[in-house]
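Since the model is a prediction, treat every value here as computed from it, not as a measurement.
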Amino acid sequence: MLKVDHASVYFEGRDGRAVQALDRVTLAIPDRSFVVALGASGCGKSTLLNAIAGFLPLSEGAITLDGRPITAPGADRGVVFQKDTLLPWKTVIDNVALGLKFAGLGRAERTDKAQELLQLVGLADFARSFPYELSGGMRQRVGIARALATDPDILLMDEPFGALDSLTREQMQELLVSIWHRTGKRIFFITHSIEEALFLGTQVIVMSPRPGRIVARFDLDFVHQFARDRDAGAVKTSLEFARLRADIRAIVHSSEDFRSAAE
């Protein structure tokens with residue numbers, strides 16, 4: 001279990017005053033779950049993810065992973081960023097194997113593991129290509145493979161599909177569901193898209209404008225339905241999907257609802 005317990009984060013503003021980004025956020029992410037955080041820009045989604053990743057210290061509260069306090073980055077948390085951070089001078093397979101090299105694995109072993117992960121994300125034929133030869137969606141696939149290389153306990157994904165065109169984005173969503181289903185990894189995913197959140201999450205949390213609080217939680221089954229039936233159209237056009245999309249949109253677009261829910 002990954003647990004976020006009353007986590008608050010303050011930054012120093014330009015005028016020297018403290019600016020609160022997160023306000024007493026409490027969240028549990030069990031094994032094999034897919035939790036999606038949804039909210040407007042500046043609501044603290046990325047701040048929460050960076051705190052879980054160990055990139056950012058909490059001002060108050062605690063975060064633990066299987067009982068171990070998180071105080072710094074670690075191989076038990078894989079991160080996929082908004083923009084791929086691939087090394088342009090390294091081939092695709094060497095980018096994927098980079099973390100394994102730091103972990104001390106021999107070249108043959110890390111190459112075999114990296115090739116296996118490229119097969120998982122559908123890029124086995126591009127192992128010797130360089131990042132500049134790939135499309136945006138393909139580069140994000142490489143980023144996912146690299147994040148999985150050290151077999152992390154949780155995969156943290158910070159709007160990884162936000163810059164993709166709509167068709168590629170849908171394809172990446174379906175690929176991610178397949179990867180999640182096959183690997184059993186728990187995932188914490190950030191998005192601005194209500195439809196993406198509903199399609200992917202076993203749980204969707206809606207966050208208020210700054211300071212970020214969780215103002216609504218929805219437990220969902222659409223991702224299991226898609227993993228079983230492989231019919232994204234049927235999932236996204238179902239009456240329940242449409243109803244929840246409308247409910248969440250009403251919360252996201254109503255500051256009054258945010259205030260009353262937070263109070």
Side-chain angles (χ1 to χ4, degrees), residues 4 7 9 11 19-23 25 27 29 33-53 55-56 79-85 135-137 139-141 143-144 147 154-177 179-180 186-220 222-223 226 232 235-237 241-259 261-262:
V4 181
V9 173
F11 295 108
V19 176
Q20 189 171 12
L22 287 181
D23 183 19
V25 170
L27 177 66
I29 305 179
S33 62
F34 198 137
V35 177
V36 180
L38 178 69
S41 294
C43 73
K45 303 184 303 295
S46 292
T47 298
L48 177 58
L49 184 143
N50 286 332
I52 295 172
F55 300 148
L56 181 70
V79 184
V80 181
F81 299 95
Q82 295 178 25
K83 183 178 180 182
D84 73 83
T85 54
S135 68
R139 290 195 296 273
Q140 285 295 50
R141 293 192 203 188
I144 293 170
I154 185 170
L155 193 60
L156 306 172
M157 308 189 75
D158 189 357
E159 294 190 71
F161 308 149
L164 303 178
D165 65 84
S166 59
L167 180 59
T168 303
R169 186 168 187 161
E170 289 185 359
Q171 292 171 340
M172 289 297 295
Q173 291 167 1
E174 294 177 18
L175 174 68
L176 182 58
V177 172
I179 292 170
W180 170 73
R186 67 188 122 191
I187 296 177
F188 181 62
F189 187 101
I190 287 175
T191 183
H192 284 100
S193 167
I194 296 173
E195 184 170 283
E196 183 169 71
L198 284 173
F199 183 70
L200 293 177
T202 57
Q203 181 183 126
V204 171
I205 61 171
V206 183
M207 297 185 67
S208 70
R210 191 177 65 217
R213 306 179 182 95
I214 297 176
V215 295
R217 303 174 194 255
F218 296 83
D219 293 320
L220 308 171
F222 299 116
V223 67
F226 174 72
V235 170
K236 294 180 179 180
T237 58
F241 194 95
R243 183 188 68 79
L244 284 168
R245 182 171 53 203
D247 288 348
I248 293 176
R249 180 177 286 112
I251 297 173
V252 169
H253 292 292
S254 173
S255 60
E256 182 177 344
D257 282 354
F258 273 128
R259 286 195 297 270

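- With sequence neighbours excluded, the residues satisfying side-chain contact (heavy atoms from CB on, under 4.5 Å) with F81 are F55, V79, T85.
- K45 places a side-chain N or O within donor-acceptor distance of the main-chain N or O of A40, the cut-off being under 3.5 Å.
- Residues that satisfy the salt bridge (charged side-chain N to carboxylate O under 4.0 Å, His left out) test with D165, not counting sequence neighbours, are absent from this structure.
- Residues forming a side-chain contact (heavy atoms from CB on, under 4.5 Å) with D158 (at least two apart in sequence, or on another chain): S46, L49, Q82, I190.
- The minimum heavy-atom distance linking G44 with L22 is given by the pair O-CD2, 3.5 Å.
- K83 pairs by the salt bridge (charged side-chain N to carboxylate O under 4.0 Å, His left out) definition with nothing, not counting sequence neighbours.
- Evaluation of the salt bridge (charged side-chain N to carboxylate O under 4.0 Å, His left out) rule for D23 yields R213 as partners, not counting sequence neighbours.
- Of all heavy-atom pairs spanning L200 and F34, the tightest one is O-CG, 3.4 Å.
- Sorted by first and then second residue, the salt bridge (charged side-chain N to carboxylate O under 4.0 Å, His left out) pairs with a member in residues 33-42 form an empty list; sequence neighbours excluded.
- Residues forming a ring pair (Phe, Tyr, Trp, His ring centres under 6.0 Å) with F241 (at least two apart in sequence, or on another chain): F222.
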Exercise. Are F199 and V177 close enough, and set up right, to give a side-chain contact (heavy atoms from CB on, under 4.5 Å), and what steps lead you there?
Worked result: CA-CA 9 Å; F199 183 70; V177 172; 4.2 Å; yes
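- The minimum heavy-atom distance linking F189 with P160 is given by the pair CE1-CG, 3.5 Å.
- With sequence neighbours excluded, the residues forming a side-chain contact (heavy atoms from CB on, under 4.5 Å) with R217 are L27, Q203, I205, I214, listed by chain and number.
- Counting heavy atoms from C-beta outward, R245 and K236 have side chains that stay 4.5 Å or more apart.
- The distance from the CD1 atom of I179 to the CE atom of M172 is 7.0 Å, given to the nearest 0.5 Å.
- In terms of the salt bridge (charged side-chain N to carboxylate O under 4.0 Å, His left out) criterion, residue partners of E196 (sequence neighbours excluded) are, by chain and number, R169.
- Here the closest non-hydrogen pair linking S208 and V215 is CB-CG1, 3.7 Å.
- Closest of all the heavy-atom pairs between P209 and C43 is CA-CB, 4.2 Å.
- Taking CD1 of I154 as the reference point, atom CD1 of I187 lies at 9.0 Å (rounded to 0.5 Å).
- Looking at heavy atoms from C-beta onward, L167 lies in side-chain contact with Q171 at the 4.5 angstrom threshold.
- Residues Q140 and T168 form no side-chain contact, since every pair of their non-hydrogen atoms from C-beta on lies 4.5 Å or further apart.
- The minimum heavy-atom distance linking I144 with V80 is given by the pair CA-CG2, 4.0 Å.
- Looking at residues two or more places apart in sequence or on another chain, you find no ring pair (Phe, Tyr, Trp, His ring centres under 6.0 Å) involving F188.
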Exercise. Under the side-chain contact (heavy atoms from CB on, under 4.5 Å) criterion, do L198 and F218 qualify, and how do the steps go?
Worked result: CA-CA 9 Å; L198 284 173; F218 296 83; 5.8 Å; no
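- When atom types are taken as modelled, the side chain of S33 and the backbone of R186 share no donor-acceptor pair closer than 3.5 angstrom.
- Remark: R210 pairs with no residue by the side chain to side chain donor-acceptor pair (under 3.5 Å) rule, at least two apart or across chains.
- In terms of the side-chain contact (heavy atoms from CB on, under 4.5 Å) criterion, residue partners of A197 (sequence neighbours excluded) are, by chain and number, V36, L38, T191, V204.
- Between R243 atom CZ and I248 atom CD1 the span is 9.5 Å, to the nearest 0.5 Å.
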